[in-house]
Amino acid sequence: MQDEKEFIFSLLNPQTQNQAFQRLMQEYQKPLYNHVRNIVLSHDDADDVLQNTFVKVFQNLKSFKGESKLFTWMYRIATNEALTFLNQKAKKSGISSVELQNKAIDNLKADLYFDGNEIQIKLQKAIATLPEKQQLVFKMKYFEDLKYEEISEIVGTSVGALKASYHHAVKKIEAFVTTD
Amino acid sequence: MTPFKLDSEPKIESGFKTPDNYFENFQTALIERLDNEPSNKETKVISIFRKRKTVLFAVAAVLALALMIPAVYQSYSKSKDLDAATIESYLTEEGHLNQDEIISEIEPESNIIILDTKEIETQTLEDMLASNPNIENLVIEN
């Protein structure tokens, strides 16, 4: 993307805003969709969360001070939106977040927009056994191929702690898949 | 049982797919939603004061009138008392006024009929009394 400051300026300028926002969507909708989908699992939920994310991004552009990268800022919004969405959904259904996640994994087999086999479902089940933050780190590193530095900026944890977290997550997943 | 090693296995993809043309349609749907978002429409600011200006003026007028009632009532009753007192003291203190002075104070257009008693002669008065047969009854009644 062109110089980020220049791009942010075009996003804030009413004359260039629409065009710039369309470019922003083109650039980020796929990676953000994957990020959100990895958290919420269902396509319909991911669609809702992605829309909410872009609406929030659009509404808060004025308050974006450029202290972090646009990419980091948007990923942070998407993560918060996805986690809030899951918590609210669990609350509405009267079940815990873990139960909701297990239910979503069970529904994957029937999901039109899931093209996975047994090992992929087993991997999702293994991920579901991890604490929330470890899940997030594992998904961002393993599925989304983000660098530790990028994850560090998004989740606000040091690179060293993220490496340790990922290492623990991998060990737990391997143990789960081996014994399951 | 062979232990499962994530790094030695071919990468496991998430397996998530999207409907055909999802991202193209997503942009259109999102732009539509942003256009309809209430926070993105120009907010019409309606001044509470302006909207209720008439009501506020009416309330203010009623309050002003209500506050004025005791003052007006007091002033009115005070001026009435003063009048009576003034007249009373005037009549008491200025009792030496003669008939001419009292007559001069009365407005010419007032309905008071003043008999010029000065001009009536004693004989004429006696004649008037003698010619009026009811005068005796009137004197007894009063």
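Just so it is clear: chains get the letters A, B, ... in the order the sequence lines come, proteins before strands, and each one is counted from 1.
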Out of B:Phe26, B:Phe16, B:Tyr22, which residue meets the ring-ring contact (aromatic ring centres under 6.0 Å, His included) rule with A:Tyr33?
-> B:Tyr22
Check whether B:Glu9 gets within reach of chain A through its side chain, its backbone, both or neither, counting any heavy atom under 4.5 Å.
-> neither
Salt-bridge test for A:Asp111 and A:Arg37: reply yes if a basic N is under 4.0 Å from a carboxylate O, no otherwise.
-> yes
Indicate yes or no for a side-chain donor-acceptor contact from A:Thr72 to the backbone of A:Ser68 under 3.5 Å, with no hydrogens or angles considered.
-> no
Short question: side chain of A:Glu6, backbone of A:Asp3 - any donor-acceptor pair under 3.5 Å?
-> no
Under 4.5 Å heavy-atom distance to chain B, tell me which part of [X] shows up: side chain, backbone, both or neither.
X: A:Gln26; answer: both
X: A:Asp47; answer: both
X: A:Leu108; answer: side chain
X: A:Phe176; answer: neither
X: A:Lys171; answer: side chain
X: A:Asn52; answer: both

Highest number of heavy-atom pairs under 4.5 Å with chain A among B:Thr18, B:Asp7, B:Leu30 belongs to B:Leu30
The residue among A:Leu50, A:Leu100, A:Leu83, A:Val49 that forms side-chain contact (heavy atoms from CB on, under 4.5 Å) with A:Val40 is A:Val49
Any cation-pi pair here, B:Lys11 with A:Tyr142, using under 6.0 Å and within 45°?
-> yes
Between A:Leu112, A:Asn38, A:Ile121, A:Asn117, which residue shows the highest count of heavy-atom pairs closer than 4.5 Å to chain B?
-> A:Asn38
Check: A:Phe58 ring centre within less than 6.0 Å of A:Phe54 ring centre | no
